[in-house]
Amino acid sequence: MRLLEYEAKQVFREYGIKTPEGVLCRSPVEVKEAVARLGESVIKAQVPVGGRGLAGGVRFTSDPEEAVRIASELFERGVRGYRVDAVLVEKKVCVNRELYLSVTVDRSAKSIVYLASRLGGVEIEELAKKKPEEVLKINLDPFIGYSPFVARTIASFIGLPPSAWGEFERIAVGLYRIMIDYDAELVEINPLVVDCGGSLVALDAKILVDDNSLYRHPALAGLKSRELTEEERSAREKGFTYVSLDGYIGVIGNGAGLTMATMDLIEYYGGKPANFLDVWSGGGASRDRVKEAVKLLLENPRVKVVLVNIFGGMTRCDEVAMGVRQALEEAPVKKPIVVRLMGTNQEEGARILREVGLDVYEDVDEAVRKAVELARG
Amino acid sequence: MRLLEYEAKQVFREYGIKTPEGVLCRSPVEVKEAVARLGESVIKAQVPVGGRGLAGGVRFTSDPEEAVRIASELFERGVRGYRVDAVLVEKKVCVNRELYLSVTVDRSAKSIVYLASRLGGVEIEELAKKKPEEVLKINLDPFIGYSPFVARTIASFIGLPPSAWGEFERIAVGLYRIMIDYDAELVEINPLVVDCGGSLVALDAKILVDDNSLYRHPALAGLKSRELTEEERSAREKGFTYVSLDGYIGVIGNGAGLTMATMDLIEYYGGKPANFLDVWSGGGASRDRVKEAVKLLLENPRVKVVLVNIFGGMTRCDEVAMGVRQALEEAPVKKPIVVRLMGTNQEEGARILREVGLDVYEDVDEAVRKAVELARG
Amino acid sequence: MLADRSTRVIVQGITGKEGSFHTKLMLEYGTRIVAGVTPGKGGSQVHGVRVYDTVREAIGEVGRVDASVVFVPAKNAHDAVLESIENGVRLIVVITEGIPLHEELRMVSYARSRSVTIVGPNTPGLIVPGETKLGIMPANYYKPGVVGIMSRSGTLSYEVAWQLSRSGLGVSVAVGIGGDPVTGLDFVEVYDKLLKDPRTKYVVLVGEIGGDYEERFAKYYSGLSEKKPVVAYIAGRTAPREKRMGHAGAIISMGLGDYESKVKALQESGIPVARRVSEIPTVIQSIASKQYF
Amino acid sequence: MLADRSTRVIVQGITGKEGSFHTKLMLEYGTRIVAGVTPGKGGSQVHGVRVYDTVREAIGEVGRVDASVVFVPAKNAHDAVLESIENGVRLIVVITEGIPLHEELRMVSYARSRSVTIVGPNTPGLIVPGETKLGIMPANYYKPGVVGIMSRSGTLSYEVAWQLSRSGLGVSVAVGIGGDPVTGLDFVEVYDKLLKDPRTKYVVLVGEIGGDYEERFAKYYSGLSEKKPVVAYIAGRTAPREKRMGHAGAIISMGLGDYESKVKALQESGIPVARRVSEIPTVIQSIASKQYF
């Protein structure tokens with residue numbers, strides 16, 4: 001779960017990390033007033049997704065009237081498909097140097113890692129590939145965690161003068177504490193700047209919270225849904241793992257890997273998946289869950305054909321079949337449904353579905369080819 | 001540094017550990033009122049030392065008049081040489097079972113360890129020697145610290161019913177948190193009782209805080225001095241490590257081991273040391289420190305002879321000698337002083353002292369024999 | 001391999017719905033389950049298996065325990081794993097899904113420091129067809145054979161097993177390393193074990209987007225002098241960036257872990273990448289036909 | 001042994017009063033000090049030794065570093081030790097006194113897990129007379145010879161060294177394990193090293209009240225088949241219970257670590273315990289006269 005920039009910056013300030021002077025605005029009028037007061041400003045759309053700069057979500061102005069135009073545009077059009085409910089207006093900072101600093105999880109080393117560079121404002125993974133000598137990586141031993149020498153080692157690497165080390169140590173330990181206290185996957189300052197007065201300021205702020213830990217952070221858990229499209233939100237409310245895609249073949253699978261593989265296979269055979277929907281729920285796919293999933297896709301106007309791919313193992317295929325059939329009966333919209341069934345009582349399941357005229361397959365390739373063909377219709 | 005029982009119990013309560021109903025009293029009148037209110041009570045002298053029960057510092061009564069007598073006696077006479085400023089009056093608990101539980105540092109394993117037994121109220125080290133099968137010892141991996149299974153393992157070992165495990169887990173994790181938050185060496189509940197209602201109650205409470213960590217606990221650091229006798233307090237105020245003993249030969253050494261060895265040697269030759277005083281201060285013993293140390297002992301009425309044992313290494317013996325001589329000049333009381341000198345400028349130091357008629361030795365055995373002889377003399 | 005029919009297993013969280021159900025299936029498969037553990041349920045029985053309150057008690061009663069299969073819910077799984085480690089269990093299969101990231105880090109690092117093997121978390125477990133099963137995979141799709149499977153996915157690996165079984169190649173052993181960002185085993189470690197397994201002639205790697213397990217395996221593989229042939233399949237070619245595709249581990253973020261990078265790394269190391277699961281047996285057979293021994 | 005004249009040493013906290021003073025004395029003794037570290041003082045010099053801001057930088061400039069001598073104040077010593085461990089230093093001599101107990105626990109346990117040797121904390125360090133000195137002991141009282149000293153005390157061990165030196169036996173190596181409750185090395189580990197040291201013929205153990213290092217050594221010693229003779233001296237016979245005698249480690253508490261228990265354990269293991277320091281050389285000479293080889 002990604003915190004919005006202004007939320008992340010509030011957390012930063014609570015941990016003693018300086019951020020630019022700024023105001024959160026929820027209307028063009030507020031933006032106008034903010035720019036009038038702050039002078040040369042940056043207006044940043046608050047959306048839970050990266051790449052906002054390239055998409056026009058970050059704009060500079062010192063003119064309050066222009067600020068109104070920019071803000072109206074952002075509020076109306078949104079950024080990268082997300083509605084903009086708020087923009088952060090910040091006083092432009094006089095920048096001396098741009099640095100990079102983050103704390104994240106090194107999956108390979110299975111430890112927390114600091115990444116730092118004297119080159120800020122760039123994507124760190126790209127930089128690490130192109131100029132590895134410019135990126136310092138310090139893995140924290142899981143036994144020890146953070147200790148102040150880590151901050152000193154980084155400060156010395158990025159060439160901060162010893163007079164700034166105290167301030168830098170506060171930032172470095174702040175990032176680590178946020179990482180732990182918020183169960184974060186990533187806490188990033190990019191760029192961290194040395195301003196013209198020699199102070200260290202976080203120009204941007206990114207905090208990704210581990211979804212599996214959200215139960216320990218009830219205040220954040222409620223924010224999760226804003227990362228979702230409307231479509232995703234209603235699917236998640238029904239308890240499915242769901243991601244919207246831009247195709248037209250609705251996909252239901254059980255298990256994340258199998259569902260992704262089904263999407264890939266659709267594309268392989270020339271179709272385009274409309275979504276990722278995993279009905280898996282630990283105990284196998286029950287009749288009701290399958291029914292709800294199928295209904296959801298049938299009601300989705302983008303979906304032309306629904307493809308159900310169940311490799312159940314323990315799942316009872318007659319149950320799955322009953323779910324599909326009930327969905328078909330209950331849904332007001334009629335669309336073709338292709339079902340691939342594998343698991344206990346597979347034959348019985350196939351019989352139930354063939355009774356109502358559906359295509360049922362054991363071979364997944366055949367099922368996908370059929371769905372693609374029907375969608376071309 | 002040892003917290004008083006009532007302080008430790010206050011900490012316990014803050015960490016969710018139940019203690020008996022009680023009142024801290026600073027006068028016999030308060031004790032009387034407390035016993036009148038509580039009925040059958042235990043009156044416990046609050047002194048920073050163990051063995052208080054055998055020394056008459058823990059008394060039972062239900063009679064307010066008797067309570068006055070007991071309290072007056074405790075306040076007047078003190079316990080084990082410590083003044084009693086307060087007594088804790090607690091309602092007697094109806095006890096079903098007595099258990100033992102503590103967290104401490106296992107010096108050998110270099111880790112934190114839980115000790116538990118179904119036999120409470122006894123000294124655990126004695127029990128561990130006599131009936132090792134009755135003591136469960138769980139060393140915490142320093143990497144992991146406490147995890148709830150530790151509490152379950154203990155609860156199962158001491159035979160608590162699963163219905164009490166939740167309460168027991170709260171106590172077990174409480175002890176661990178106190179250990180960490182207070183930089184403790186030991187956190188002990190002895191006995192931890194199951195009362196007649198089935199609740200777990202800490203009848204006694206012991207928290208030892210690591211002296212080296214007191215700088216992180218300013219509120220506690222101020223309490224340290226109450227563990228000291230008047231004599232020790234004034235010596236510590238001068239910056240010496242000092243312990244009062246009951247003999248008559250004043251001992252000044254540099255380094256803890258050497259000073260202890262000097263005490264032992266005095267006893268070996270038939271004398272009795274009056275104190276432990278270590279002048280060591282990192283950089284070696286300076287003239288002023290030596291002067292202050294010698295004056296302190298000269299002024300102590302128990303001291304008949306002062307023995308200075310400096311094995312300096314880096315220490316300049318002429319400096320030490322000047323310190324001794326100045327003390328001799330400044331102190332109003334005249335007592336014999338024997339000096340053993342070893343280190344840089346040893347000859348010069350010896351000359352300075354012999355000038356004023358003092359005995360100076362290189363050999364420590366000779367010096368000690370002389371001091372013992374003078375004390376007898 | 002990691003386990004065989006003599007492996008003595010306990011089930012942690014045995015009294016829960018899943019734990020109980022899969023205990024039954026494992027017993028039917030022949031897995032030697034010697035005890036179950038659920039705090040507070042000591043003294044009861046599950047499908048004839050005696051339940052204890054703590055791992056320490058269980059071991060005290062039944063003696064040596066080689067492995068634990070963990071069904072304990074996400075909030076308590078970390079504690080259950082530590083309990084097994086501290087009591088000397090050397091192999092821990094963590095079926096549980098949804099364990100907080102930082103707890104996974106702690107438990108995985110700690111296990112490493114104690115040389116304990118963790119399979120998972122968020123894994124279907126491991127199976128040695130015809131020998132034993134420490135997990136939840138549907139055993140009827142795993143016919144004994146010559147192909148070792150190492151997979152980050154659950155149901156997808158069942159599909160692979162079935163394709164291999166019906167093709168006649170069969171499965172020698174299948175290990176689910178788990179779908180989370182941090183797992184106890186990675187492909188390199190499982191492959192090392194498969195190299196030493198006499199039954200395994202070929203290896204299928206079932207990867208997915210996110211992380212760099214596949215890339216690191218490719219690098220490792222290309223540096224080996226002795227190897228068994230590997231065929232890979234990677235799920236998630238059509239997955240968008242920065243969206244978590246079900247598994248916490250299946251997310252392309254910070255430019256890391258996209259499909260192309262993985263396929264490129266594998267192919268450059270001489271590992272063919274099947275575009276469809278159903279191709280896998282064919283690719284193996286074509287490799288087999290080129291081997292002259 | 002732990003160090004010799006080729007050992008490349010850095011000094012952490014080199015610009016402080018003690019650090020600077022003892023750097024001078026160590027250099028005079030011949031210790032190969034290749035760099036100093038004090039955060040924020042990088043670029044300066046101390047007695048001709050170049051100072052760096054971090055251990056990483058120091059190693060980057062001067063290359064391999066075998067050992068560090070730490071004079072950093074108690075509040076920061078833990079961090080300094082971790083810095084050296086993380087940068088691959090294998091031997092760390094911690095002179096600093098007064099480090100909080102729980103930080104000692106952490107750094108000592110961590111060093112063990114990384115197979116790094118910590119001498120101390122709260123130690124005078126170690127000296128190999130005629131070779132090198134990583135510490136603060138007055139070297140002129142240590143004549144090269146045949147007796148290894150392992151001690152929990154500082155100045156008392158100088159006294160022992162002097163008694164041995166003037167008796168003609170001399171010192172092969174002296175290691176101060178430190179006066180705190182938790183130390184990096186214990187007597188068992190030092191003795192193991194002394195057993196392998198060809199110069200060491202006899203060993204003096206200088207113990208004190210508190211803890212059970214002496215008891216554990218006695219137990220270990222009695223189980224050895226090959227050993228070098230040990231003579232012990234224990235300080236604190238006249239110390240009262242529950243009073244800390246200067247050293248944090250020198251306290252008899254919870255019935256643990258009194259003088260009698262230690263002497264009994266040592267004597268039962270065949271280790272003579274001298275009642276006075278000045279007896280030690282005599283006891284060794286009497287052992288020597290009974291050896292027929």
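Chain A is the first sequence line, chain B the second, and so forth, proteins listed ahead of strands; every chain is numbered from 1. Every value quoted in this text rests on a predicted model; they were computed, and no experiment measured them.
Proximity to chain D involves both the backbone and the side chain of B:Asn212, based on heavy atoms less than 4.5 angstrom apart. With a 4.5 Å cut-off on non-hydrogen atoms, D:Tyr110 does not touch chain B at all. At a 4.5 Å heavy-atom cutoff, the contact between D:Glu208 and chain B is made by side-chain atoms alone. Both the backbone and the side chain of D:Arg237 come within less than 4.5 Å of a heavy atom in chain B. For chain D, the nearby part of B:Asp365 is the side chain; its heavy atoms alone come within less than 4.5 Å. For B:Phe311, the parts sitting under 4.5 Å from any heavy atom of chain D are the backbone and the side chain alike. Looking at D:Leu25, the atoms closer than 4.5 Å to chain B (heavy atoms on both sides) all sit in the side chain, from C-beta outward. The contact between D:Thr183 and chain B is made by backbone and side chain atoms together, counting heavy-atom distances below 4.5 Å. Of the two parts of D:Tyr158, the backbone and the side chain both hold a non-hydrogen atom closer than 4.5 Å to a non-hydrogen atom of chain B. Residue B:Phe240: no heavy atom, backbone or side chain, is found under 4.5 Å from chain D. Interface residue D:Ile99: only backbone heavy atoms are found under 4.5 Å from chain B. The contact between B:Ala184 and chain D is made entirely by backbone atoms, counting heavy-atom distances below 4.5 Å.
Your options are D:Ala74, D:Pro181, D:Pro124, and the one with the most heavy-atom pairs under 4.5 Å with chain B is D:Pro181. In terms of non-hydrogen atom pairs under 4.5 Å with chain D, the most contact-rich of B:Ile180, B:Thr241, B:Val49, B:Asp210 is B:Asp210. Interface summary for chain B: among D:Arg216, D:Arg106, D:Arg152, the most heavy-atom pairs under 4.5 angstrom belong to D:Arg216. Counting heavy-atom pairs closer than 4.5 Å to chain D, the top residue among B:Gly253, B:Gly343, B:Ala256 is B:Ala256. Contacts with chain D were tallied for B:Leu214, B:Leu265, B:Asp183; B:Asp183 has the most, counting heavy-atom pairs under 4.5 Å. Interface remark: of the candidates D:Ser153, D:Ser109, D:Gly98, D:Gly98 forms the most heavy-atom pairs closer than 4.5 Å to chain B. Among B:Glu227, B:Lys272, B:Met263, the residue with the largest count of heavy-atom pairs under 4.5 Å with chain D is B:Met263. The choice from D:Ile95, D:Leu105, D:Leu156, D:Asp186 that makes the most heavy-atom pairs within less than 4.5 Å of chain B is D:Leu156.
For the residue pair B:Ser111 / B:Asn139, a side-chain donor-acceptor distance below 3.5 Å is found, with atom types taken as modelled. There is a side-chain donor-acceptor pair under 3.5 Å between B:Tyr100 and B:Glu188. B:Glu231 and B:Tyr242 share a side-chain donor-acceptor pair at under 3.5 Å.
We find that B:Glu232 and B:Arg236 are not joined by a salt bridge, their nearest charged nitrogen and carboxylate oxygen being 4.0 Å or further apart. In summary, D:Lys24 and D:Glu28 engage in a salt bridge, as defined by a charged side-chain N under 4.0 Å from a carboxylate O. Checked for salt-bridge contact, D:Glu104 and B:Lys110 miss the test: no charged N lies under 4.0 Å from a carboxylate O. One finds no salt bridge joining B:Glu362 and B:Arg340 here, because no Lys/Arg side-chain nitrogen approaches an Asp/Glu carboxylate oxygen to under 4.0 Å.
Environment of NZ in D:Lys219: sparse, with no more than 12 heavy atoms of neighbouring residues, nucleotides or ligands closer than 6.0 Å. Counting non-hydrogen atoms of neighbouring residues, nucleotides and ligands closer than 6.0 angstrom, the CZ atom of B:Arg177 reaches no more than 12 such neighbours.
The shortest non-hydrogen separation linking D:Leu185 to D:Ile177 is O-CB, 3.6 Å. Taking every heavy atom of both residues into account, D:Tyr142 and D:Ala161 meet most closely at CE2-CB, 3.3 Å.
Taking the ring centroids of D:Tyr191 and D:Phe187, they lie at or beyond the 6.0 Å cut-off.
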